[in-house]
Amino acid sequence: MHRAVMPRIGTAQAWRDAARQFLAAGIPPEAILWGDTSTAPDLFGDTGAVQAGGQVSVPRSFISMASTVVWHTDRERFARLYAFLWRLKGTPHLMTDRGDAELSRLRTMEKNVHRCQHKMKAFVRFREIGDPEAPRRSFAAWFEPTYHTIEPTSDFFVRRFSDMDWRILTPEVSVVFENGTLSFREGQEKPALPEDASEQLWITYFQNIFNPARLMVKAMQSEMPKKYWKNMPEAAFIPQMIADAPARARAMAEAAPSLPPARMAQVQAQLAAHQSAWEGPSGALAGEIVACTRCPLHCNATQAVPGEGPMDADLMIVGEQPGDQEDLSGRPFVGPAGQLFDQIAGQAGLDRGQAFVTNAVKHFKFTPRGKRRLHQRPNASEIQHCRWWLDAEITQVRPKLILGMGATAAEGLTGRRDAILSRRGKVEETPSRTPVLLTLHPSYLLRLPDPQAKADATAQFRDDLKAAVQMLA
Ligand code: URA
């Protein structure tokens, strides 16, 4: 009998090396006992020596699946993977056999680990533990992952927080990034971490983006499972917000303006002729956008942010790309630019709840600066890659009018890069002939330093929103 004990750190590489060696030496699954460092040693029989064998070739798709499944907590994961690999040797098409029960089980395990990695990216909350004035600031977070996801997810945090020191402490393994070097340590008990000054800001923000009219407790808990709540400062307020939601939603409904009658016959005729390249089933689009890896922007962003709103909206509103807060919450226009938009839209009689709100680019592009992430404008290639999704959203929603805010939206919608200031207030068209009313981006208004210029640009923006309302009346 052979035995293979996988280390807690470097597990993926260790499993790959061992599996290759066993496979090359022709050792069948039933002759190997796999375990990890938590497996009782007396479970193992004698270690048998492995004769060196020849080269083995393994499909890439299996390597990719195995590199994820090894981080699952199922004690049988290493043995399952090897048994499948053994069968794969004689049946190269097994990786595409949808009816294979063991493949399907491994795929489910892979999905669980990916989901856990996603939760970790979204729910880790850092607190400052060093001197805020130090050249390299220092942060720590406590996290309790469901699977062994610390090591495979650490790259994401290195990319995002490369210019500060940080550590993520967990009961099992901790990861430390100090002076540009990543290392792993033993797990530990939950430490007492200081309250973060930005925590109150985050709580206030979370309470503000909570929309009682869209409360779906089950969906919310599936996105943000309860077990993560205890380490997330904002989650303490969720029960009260849920309790208050019905009354707040009633108040919102009573205050909502009535809808203007919306008719544009010739535009509807043009839309009927419209075709887009994306042809998935209705309802699947947002899910596909969330899984997008069409351009490198997905590597650093927390998540893609698909559009939201009624799928039969007459008006589609298109911005540039998610900002910091949109990236964290997964919803478009919930940060400062979104709040300014909501305020001016209210003055212009535009009801955002009746519009489909989205962005030309679905992932947040930024450069890290300490704990902050500074917005970067998407380039022509990123806009071009994301047009696929924007076109698909337009095809599904079939709006009568699109409000394009800012130069990136204008480019994604019309394909033209000309300056937005000379185009705002005018109606152009998408290639599929949907009318596009162009206007400024609300964050442009936020950035204008001169009060008079800001007031003028805000008035123009308000006029453009009013024009959109009138065009649909
Ligand atoms: N800016 C945008 O263009 N879109 C958002 O969703 C947020 C800020």
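For the numbers below, each heavy atom of this structure counts, side chains included, while hydrogens, waters and symmetry mates do not.
Judged by distance alone, with hydrogens and angles left aside, the side-chain atoms of Ser443 form no donor-acceptor pair with the main-chain N or O of Leu446 at under 3.5 Å. In this structure, Lys466 contributes its side chain and Ala348 its backbone to no donor-acceptor pair below 3.5 Å. Between the side chain of His385 and the main chain of Ser381, a donor-acceptor pair closer than 3.5 Å is present. The backbone N or O of Thr302 lies less than 3.5 Å from a partner atom in the side chain of Asp327, making a donor-acceptor pair. Judged by distance alone, with hydrogens and angles left aside, the side-chain atoms of Trp166 form a donor-acceptor pair with the main-chain N or O of Phe161 at under 3.5 Å. Put simply, the side chain of Arg387 gets close to the backbone of Gly412: a donor and an acceptor are under 3.5 Å apart. Not a single donor-acceptor pair under 3.5 Å links the side chain of Arg352 to the backbone N or O of Ala345. Between the Thr153 side chain and the Thr149 main chain, a donor and an acceptor come within less than 3.5 Å of each other. Listed for the Arg462 side chain is no donor-acceptor partner under 3.5 Å among the backbone atoms of Gln347. Judged by distance alone, with hydrogens and angles left aside, the side-chain atoms of Glu393 form a donor-acceptor pair with the main-chain N or O of Gly307 at under 3.5 Å.
Considering CG of Leu465 and CG of Leu403, their distance stands at 6.0 Å, rounded to 0.5 Å. Of the inter-residue distances, the one linking His148 atom NE2 with Ile9 atom CD1 reads 10.5 Å to the nearest 0.5 angstrom. From Ile150, atom CD1 reaches atom CE of Met120 across 3.5 Å, with rounding to the nearest 0.5 Å. Separation of atoms CZ (Arg424) and CG (Leu438) is listed at 10.0 Å; rounding is to 0.5 Å. Taking CZ of Phe139 as the reference point, atom CD1 of Ile129 lies at 9.0 Å (rounded to 0.5 Å). Considering CG of Asn112 and CG of Asp74, their distance stands at 10.0 Å, rounded to 0.5 Å.
The aromatic rings of Trp15 and Phe62 sit tilted relative to each other, their planes meeting at an angle between 30° and 60°. Ring pair Phe157/Phe126 is perpendicular by interplanar angle, where above 60° counts as perpendicular and below 30° as parallel.
Tyr147 has its ring centre no less than 6.0 Å from the ring centre of Trp71.
In this model, no donor atom of one side chain and acceptor atom of the other lie less than 3.5 Å apart for Thr146 and Arg115. A donor atom on one side chain and an acceptor atom on the other are found under 3.5 Å apart for Gln452 and Asp456. Side-chain contact annotation: Thr358 with Lys362, donor-acceptor N/O pair under 3.5 Å present. Looking at Gln321 and His375, their side chains do bring a donor and an acceptor atom within 3.5 Å of each other.
In this structure, the side chains of Phe341 and Val357 stay at 4.5 Å or more apart for every pair of heavy atoms. For the pair Val175/Leu182, a side-chain contact is recorded, criterion being any heavy-atom separation below 4.5 Å from C-beta on. Counting heavy atoms from C-beta outward, Val113 and Glu110 have side chains that stay 4.5 Å or more apart. In this structure, the side chains of Ile394 and Leu413 come closer than 4.5 Å at one or more pairs of heavy atoms. Residues Phe366 and Leu374 fail the side-chain proximity criterion, which asks for heavy atoms closer than 4.5 Å. Considering only heavy atoms from C-beta on, Ile317 comes within 4.5 Å of Met405 through its side chain. Glu382 places none of its side-chain heavy atoms less than 4.5 Å from the side chain of Gln376. Glu326 is not listed as a side-chain neighbour of Phe364, based on a closest heavy-atom distance of 4.5 Å or more.
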Gln460 and Asp463: side chain to side chain contact (heavy atoms under 4.5 Å, CB included), yes or no, with the steps? CA-CA 5 Å; Gln460 288 183 335; Asp463 287 348; 5.6 Å; no
When you look at Phe333 and Asn359, which way does the side chain to side chain contact (heavy atoms under 4.5 Å, CB included) test go after all the steps? CA-CA 9 Å; Phe333 280 105; Asn359 283 298; 3.6 Å; yes
Taking it one step at a time, do Glu151 and Val173 satisfy side chain to side chain contact (heavy atoms under 4.5 Å, CB included)? CA-CA 8 Å; Glu151 186 181 339; Val173 167; over 6 Å; no
Between Trp389 and Arg294, does a side chain to side chain contact (heavy atoms under 4.5 Å, CB included) hold up when you go through it step by step? CA-CA 10 Å; Trp389 298 123; Arg294 286 171 63 83; 3.6 Å; yes
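Here the closest non-hydrogen pair linking Leu169 and Trp142 is O-CE3, 3.2 Å. What you find for Ser67 and Ala12 is that their closest heavy atoms are O-CB, 4.4 Å. Across Pro306 and Pro332, no two heavy atoms sit closer than the pair O-CD, 3.8 Å. Residues Cys292 and His363 share a closest heavy-atom pair of O-CE1, 3.5 Å. Closest approach of Ser162 to Pro368, counting heavy atoms only: OG-CG, 4.1 Å. Closest non-hydrogen pair, Val318 versus Ala409, comes out as O-CB, 3.4 Å.
Every residue two or more places apart in sequence or in another chain that forms a side chain to side chain contact (heavy atoms under 4.5 Å, CB included) with Leu421 is listed here: Leu440, Tyr444.
Heavy atoms of other residues, nucleotides or ligands lying less than 6.0 angstrom from CZ of Arg105 number 12 at most. Under a cut-off of 6.0 angstrom, the local environment of NZ in Lys111 is sparse, with at most 12 non-hydrogen atoms contributed by other residues, nucleotides or ligands. Heavy atoms from other residues, nucleotides or ligands lying under 6.0 Å from CZ of Arg372 number 12 at most.
The side-chain hydrogen bond (donor to acceptor under 3.5 Å, both in side chains) pairs that include a residue from residues 174-184 are Arg167-Glu178, where partners are two or more places apart or lie in different chains.
Of the listed residues (Asp314, Leu437, Val469), just one forms a side-chain contact (heavy atoms from CB on, under 4.5 Å) with Leu401, and that residue is Leu437.
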